[in-house]
Participant: 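Following this message is one structure expressed as structure tokens.
Reminder, nothing fancy here: chain letters follow the sequence lines and each chain counts from 1.
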Amino acid sequence: MSRTLVKAALAATAPADSILLQGWVRTRRDAKAFSFLEINDGSCLKGIQVIADAGLPDYVHIQKANTGAAIEVRGKLVPSQGQGQQWEVVAESFKILGEADATYPLQKKGHTLEFLREIAHLRPRSNLFGAVFRVRSRLAFAVHQFFQDRHFHCVHTPIITASDAEGAGDMFRVTTLDLAHPPMTEDGAVDVTKDFFGKKTFLTVSGQLEGEIFAHALSNIYTFGPTFRAENSNTSRHAAEFWMIEPEVAFCDIHGNMDLAEEFVKYLIRDARTHCAADLEFFSKFVDKDLLTRLDFVLERPFQRCSYTEAVAILEKSGRTWEHPVSWGANLQAEHERYLTEEHFKCPVTVYNYPRAIKAFYMRKNDGETPERQTVAAMDLLVPGIGEIIGGSQREERLDVLREGMALHHLDEKAYSWYLDLRRYGSVPHAGFGLGFERMLMFVTGVGNIRDVIPFARTPGTADF
RNA sequence: UGCCCGGUAGCUCAGUGGCAGAGCAGGUGACUGUUAAUCACUUGGUCGUAGGUUCGACCCCUACCCGGGCAGCCA
């Protein structure tokens, strides 16, 4: 007999004489003559109720069917006599596959997220984390579907990179050298030519530069992979290892880029609303009461757009006193971004055209501006509750202007010869952005800490499991 | 990295310079359909660690460790 998933059993349209369930016991309630078991197999949020009559030959083992135990049940799927569920299974035989004794940490009651983080190997068996990781799986699929439907090609950019100045933060060093006894050069430095790659290498902080290469060949591309930042960031929205989606589009400017970002974010929300309805309702009930109304509101109205210069004017006119002063040329701080998206616009907002001095070298210089107010075609998509969820830009496609930008940022052209070549041979306007997958999941689920939307979080001082 | 809050039973927490507490979980029993079942009884403690103050410290002080929040950095 083949296994029936709980999800399929609960969705049955007719009784079944004989089904096989396999899963984990969530709870057991004993009466004198029978026991109720709730079995969950992760296929969906809900479990299915199983009734084991005391007359069953296996019934002597029922005491081993504790919360957490793995169990196999054969029986009939019948309409439930009780309230609360349409179907239930009358057991004809059951087998304990894996016992769980009283030390099983997941109780039949609510646990704090902090406690569950410490038992990350068991937390996917909880309602909340089961739901989070089902949504994560679905949205990972939706990312590919969105881009594939629009004729984007998926590019697997390298995890290990030798360029150490991509401008997106501190990097993790990759080496096979013996750190206790590294090979040394004559002048007393570590001899990196003896390292595995013959040079210093790091974990990637972005696939963008390599993505640009492929956009200049396949036109529309995206990457979706792990990204590593060695920043000592201790906040609810930073992880040292996270997943990022980076589309790169040839023949596209900053406005097309903002359009794509908005369409993408809305697509993912809509996909979760459609395909993860039960899980989202669970979040709405237990995590964030306003979740569903907020998601629907976001789907309905266009995202606001405002230039950095307009944003600064809005902040100056707000009458607020800021911890970090607002002035043209300074970066927008979290308090400013929160004000814009949560109070002023009360919806997602894309801020674009930032001062050149505070942005990366590869962002396209805007024409016709004064040196004092020189901007680049950068954009950040801010959402309520999280802040920046997307950062991107139109890239500088003009060789001379790009070289000027590199000089401004004190970058060595030799290290970027291949990047400059893209501007020498068939250069085209192009643009792209990076979406933080975990931040998107936080927004869609309402879960407030990035450590709770990634299976095994890597943060400063923590790399367990 | 800085500032702030916390660490007491398996979990969530209360507590007070003078005998270590509750709810849930676990155990035993009861219960003819329960559904975070219910009812009765019950086991369970290095009060984060190390010093210090004190007749006496879970409580006050210092350092450290761990967790969380916020900020910076960013996605």
Participant: Take the protein atom CG of A:N232 and the nucleotide atom P of B:rA71, then report the distance between them rounded to whole Å.
Facilitator: 16 Å
Participant: Quick check on B:rG69: is either OP1 or OP2 less than 4.0 Å from any side-chain nitrogen or oxygen of A:N449?
Facilitator: yes
Participant: Between B:rC74 and A:S233, counting only base atoms on the nucleotide and side-chain atoms on the residue, is there a donor-acceptor pair under 3.5 Å?
Facilitator: no
Participant: Is A:Q49 near enough to B:rU34 that one of its side-chain N or O atoms lies under 4.0 angstrom from OP1 or OP2?
Facilitator: no
Participant: Calculate the interatomic distance between A:R237 atom CZ and B:rC74 atom C1'; express it in whole Å.
Facilitator: 9 Å
Participant: If you assign each of A:G448 and A:W243 to its closest nucleotide in RNA chain B, which residue comes earlier from the 5' end?
Facilitator: A:G448
Participant: Select base, sugar-phosphate, or nothing to describe what A:T235 touches, counting heavy atoms under 4.0 Å on all strands.
Facilitator: base
Participant: For B:rG33, which nucleotide is its Watson-Crick or G-U wobble mate, given both distances must be under 3.5 Å?
Facilitator: none
Participant: How many whole angstroms separate atom NZ of A:K32 from atom P of B:rG29?
Facilitator: 13 Å
Participant: Can A:F36 be called stacked on B:rG33 when the rule is centres closer than 5.5 Å and an angle between planes below 30°?
Facilitator: no
Participant: Partner of B:rC41 by Watson-Crick or G-U wobble geometry, both contacts under 3.5 Å, or none?
Facilitator: B:rG27
Participant: Taking the minimum atom-to-atom distance to the side chain of A:A334, which one of B:rC74, B:rA71, B:rG23 wins?
Facilitator: B:rA71
Participant: Heavy atoms under 4.0 Å, any strand shown: does A:N234 hit a base, just sugar-phosphate, or nothing?
Facilitator: base
Participant: What is the distance, to the nearest angstrom, from the CZ atom on A:F115 to the P atom on B:rG7?
Facilitator: 17 Å
Participant: Once you apply a heavy-atom cut-off of 4.0 Å, does A:T459 come out as touching a base, just sugar-phosphate, or nothing?
Facilitator: nothing
Participant: Tell me which nucleotide, if any, is Watson-Crick or G-U wobble paired with B:rA9 when both distances must be under 3.5 Å.
Facilitator: none
Participant: Identify whether any heavy atom of A:A33 sits under 4.0 Å from a base atom; if not, whether one sits that close to sugar-phosphate; answer base, sugar-phosphate or nothing.
Facilitator: nothing
Participant: Does the Lys NZ or Arg CZ of A:R150 fall within the cation-pi geometry relative to A:F146 - under 6.0 Å from the ring centre and within 45° of the axis?
Facilitator: yes
Participant: Are A:E397 and A:R395 close enough for a salt bridge, meaning some N to O gap below 4.0 Å?
Facilitator: no
Participant: What is the distance from CZ of A:R458 to C1' of B:rA75, rounded to the nearest Å?
Facilitator: 19 Å
Participant: Take atom P in B:rU43 and the same atom in B:rG21, then report the distance between them in whole Å.
Facilitator: 12 Å
Participant: Can you tell me the Watson-Crick or wobble partner of B:rC73, both distances under 3.5 angstrom?
Facilitator: none
Participant: Which value, in whole Å, describes the distance between the P atoms of nucleotides B:rC11 and B:rU49?
Facilitator: 15 Å
Participant: Look at A:K365 together with A:E396 and state whether they make a salt bridge at an N to O cut-off of under 4.0 Å.
Facilitator: no
Participant: Any strand is fair game: report the nucleotide pairing with B:rG18 by Watson-Crick or G-U wobble, both distances under 3.5 Å, or none.
Facilitator: B:rC55
Participant: Give a yes or no on this: more than 12 heavy atoms of other residues, nucleotides or ligands lie within 6.0 Å of atom NZ of A:K7.
Facilitator: no
Participant: Could you tell me whether A:R320 and A:E335 make a salt bridge, using a distance below 4.0 angstrom between a side-chain N and a carboxylate O?
Facilitator: no
Participant: Give a yes-or-no answer on whether the side chains of A:N353 and A:S307 include a donor-acceptor pair shorter than 3.5 Å.
Facilitator: no
Participant: At under 4.0 Å, does any side-chain N or O of A:R451 touch on OP1 or OP2 of B:rG69?
Facilitator: yes
Participant: Quick one: label A:R26 by what it contacts on the DNA or RNA (base, sugar-phosphate, nothing), any heavy atom closer than 4.0 Å.
Facilitator: nothing
Participant: Could you tell me whether A:G461 contacts a base, only the sugar-phosphate backbone, or nothing, with contacts defined as non-hydrogen atoms closer than 4.0 Å?
Facilitator: nothing
Participant: Remember a base hit wins even if backbone is also touched, and classify A:T103 as base, sugar-phosphate or nothing at under 4.0 Å, heavy atoms.
Facilitator: nothing
Participant: Just call it for A:G434: base, sugar-phosphate, or nothing, with non-hydrogen atoms closer than 4.0 Å on any strand.
Facilitator: sugar-phosphate
Participant: Need one value for A:S35: base, sugar-phosphate or nothing, where a base atom within 4.0 Å counts as base even if backbone is also close, heavy atoms only.
Facilitator: nothing
Participant: Using a strict 4.0 Å threshold on nitrogen-to-oxygen distance, state whether A:D271 and A:R138 make a salt bridge.
Facilitator: yes
Participant: Just to be sure I understand the rule, does A:D380 reach a base, reach only the sugar-phosphate, or reach nothing, if contact means heavy atoms closer than 4.0 Å?
Facilitator: nothing
Participant: Using the P atoms only, state how far B:rU8 lies from B:rG56, rounded to an integer number of Å.
Facilitator: 26 Å
Participant: Quiz question: going by heavy-atom distance under 3.5 Å, is there a donor-acceptor pair between the base of B:rC24 and the side chain of A:K108?
Facilitator: no
Participant: Atom NZ of residue position A:K285 - does it have more than 12 heavy atoms of other residues, nucleotides or ligands inside 6.0 Å?
Facilitator: no
Participant: Whole-Å distance between B:rG72 C1' and A:W322 CH2?
Facilitator: 17 Å
Participant: Ring centroids only, cut at 6.0 angstrom: are A:H153 and A:Y222 within range, meaning strictly under it?
Facilitator: no
Participant: Quiz question: going by heavy-atom distance under 3.5 Å, is there a donor-acceptor pair between the base of B:rU34 and the side chain of A:Q85?
Facilitator: yes
Participant: Using only modelled atom types and a 3.5 angstrom limit, is any donor from either the side chain of A:H111 or the base of B:rC11 paired with an acceptor on the other?
Facilitator: no
Participant: Just to be sure I understand the rule, does A:I390 reach a base, reach only the sugar-phosphate, or reach nothing, if contact means heavy atoms closer than 4.0 Å?
Facilitator: sugar-phosphate
Participant: Counting Watson-Crick and G-U wobble pairs only, both distances under 3.5 Å, name the nucleotide matched with B:rU62, or none.
Facilitator: B:rA50
Participant: How is A:I450 classified with respect to the nucleic acid when contacts are heavy atoms under 4.0 Å: base, sugar-phosphate, or nothing?
Facilitator: base
Participant: In whole Å, what is the span from the CD atom of A:E114 to the P atom of B:rG10?
Facilitator: 19 Å
Participant: How long is the line joining CZ of A:R123 and P of B:rG10, in whole Å?
Facilitator: 22 Å
Participant: May I ask you to say what A:Q107 touches in the nucleic acid, namely base, sugar-phosphate or nothing, with a heavy-atom cut-off under 4.0 Å?
Facilitator: base
Participant: For A:E438, which contact category applies under a 4.0 Å heavy-atom criterion: base, sugar-phosphate, or nothing?
Facilitator: nothing
